Amino acid sequence: MLRLAEDETAEMHLQAERECNDLRARTDVEVAALRAEAEREAAAMRSEAESELYASRQDCASRAAAMERREIEMERRCADLEAQHRQRADEVERECTEAVAQAQADADMLLRETALQCNSLEADSERKREKAQQFFELTMTRRRNEAAQHLQEQEALAKARAEFVVKVACREANRRLAEVAERTDELHELRRVVHSQLSAARAALSVAADRVAPVHIPEQVAAS
């Protein structure tokens, strides 16, 4: 009976060992399957995170490039507008200079014409006075007085015309220069606003790029 009990015990040990081996084998298979599944999920999550990170970086780079292009375009437009304003200011200044010169020339011409007329009248009066000095002395004296008065009136009229023309030309020149200065101030203000907006956009993009951090995923899932 002792022999039989020992055989039964040995058989039970063998059965238990086989069951343990089978359980261990099934456990190893299940653990390997779970590990493979975890590795596949980790790889998929890593690939998705890397794709999202790449897309975010590409979007930030694209926006930054667009902002750079817009800034370059605005700089070019501002430079063109400044060049146009400078050209217009030069044209206005040249026109004003020409207007003042023309007004001065007109005034000089009026003065010369008036002087010639006065000289002619004086010479005519002198000739008539010489011819009829004895007989028309009173008349020629009156005519000389009239000629002198006419000369004064012509000179005063020519001077008034010249001053009026010069005053109008200077007023127009000041108005045009003020208009050019006002447009230049508006251009500078527009440029300052554009630079402020571009700086704000760059700061926002920099903050967005800093917030996009790589996603850390464990390489393997530890087996229990």
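The basis for the numbers below is simple: all heavy atoms, side chains too, and nothing from hydrogens, waters or symmetry mates. Please read all numbers here as calculations on a predicted model, not as lab measurements.
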Would you check if the side chain of Ser120 reaches a backbone N or O of Leu116 as a donor-acceptor pair within less than 3.5 Å?
no

Looking at CD of Glu71 and OG of Ser199, how far apart are the two atoms once the value is rounded to the nearest 0.5 Å?
7.5 Å

Note, Arg192 side chain near Glu189 side chain (heavy atom, < 4.5 Å):
yes

Counting only heavy atoms from other residues, nucleotides and ligands, does the tally under 6.0 Å from CZ of Arg176 exceed 12?
yes

In Å, rounded to the nearest 0.5 Å, how long is the span from CZ of Arg161 to NZ of Lys159?
15.5 Å

Under 3.5 Å, is there a donor-acceptor pair between the side chain of Asp59 and the main chain of Ala55?
no

Using 4.0 Å as the upper bound for N to carboxylate O, is an ion pair formed by Glu73 and Arg70?
no

Rounding to 0.5 Å, atoms CZ (Arg88) and OG1 (Thr184) come to a distance of 12.5 Å

Run the salt-bridge test on Arg175 and Glu172 with the 4.0 Å N-O cut-off and return the result as yes or no.
yes

Show the nearest heavy-atom pair for residues Glu155 and Thr114, with the distance to one decimal.
N-CG2, 3.8 Å

Taking the basic N atoms (NZ, or NE/NH1/NH2) and the acidic carboxylate oxygens, is any pair closer than 4.0 Å for Arg86 and Asp90?
no

Any salt bridge linking Glu75 with Arg191? Criterion: basic side-chain nitrogen under 4.0 Å from a carboxylate oxygen.
yes

So, the side chain of Ser47 versus the backbone of Ala43: is there a donor-acceptor pair under 3.5 Å, distance only?
no

Answer whether the closest heavy-atom distance between the side chains of Met74 and His195 falls below 4.5 Å.
no

Gln102-Asp106 side chain donor-acceptor pair, cut-off 3.5 Å:
yes

Would a 4.5 Å heavy-atom cut-off, applied to side chains only, mark Met109 and Arg112 as touching?
yes

For Glu39, is there an ion pair with Arg35 - N to carboxylate O distance below 4.0 angstrom?
no

Distance col, row Glu146:CD vs Leu151:CG, nearest 0.5 angstrom, shows 13.5 Å

Measure the CD-CG distance between Glu93 and Leu177 for me, rounded to the nearest 0.5 Å.
6.5 Å

Are Glu37 and Arg40 ion-paired here, with the side-chain N under 4.0 Å from a carboxylate O?
yes

Do the non-hydrogen side-chain atoms of Glu91 and Gln87 ever get within less than 4.5 Å of each other?
yes

Main-chain N/O of Gln58 paired to Ser62 side chain as donor or acceptor, under 3.5 Å
no

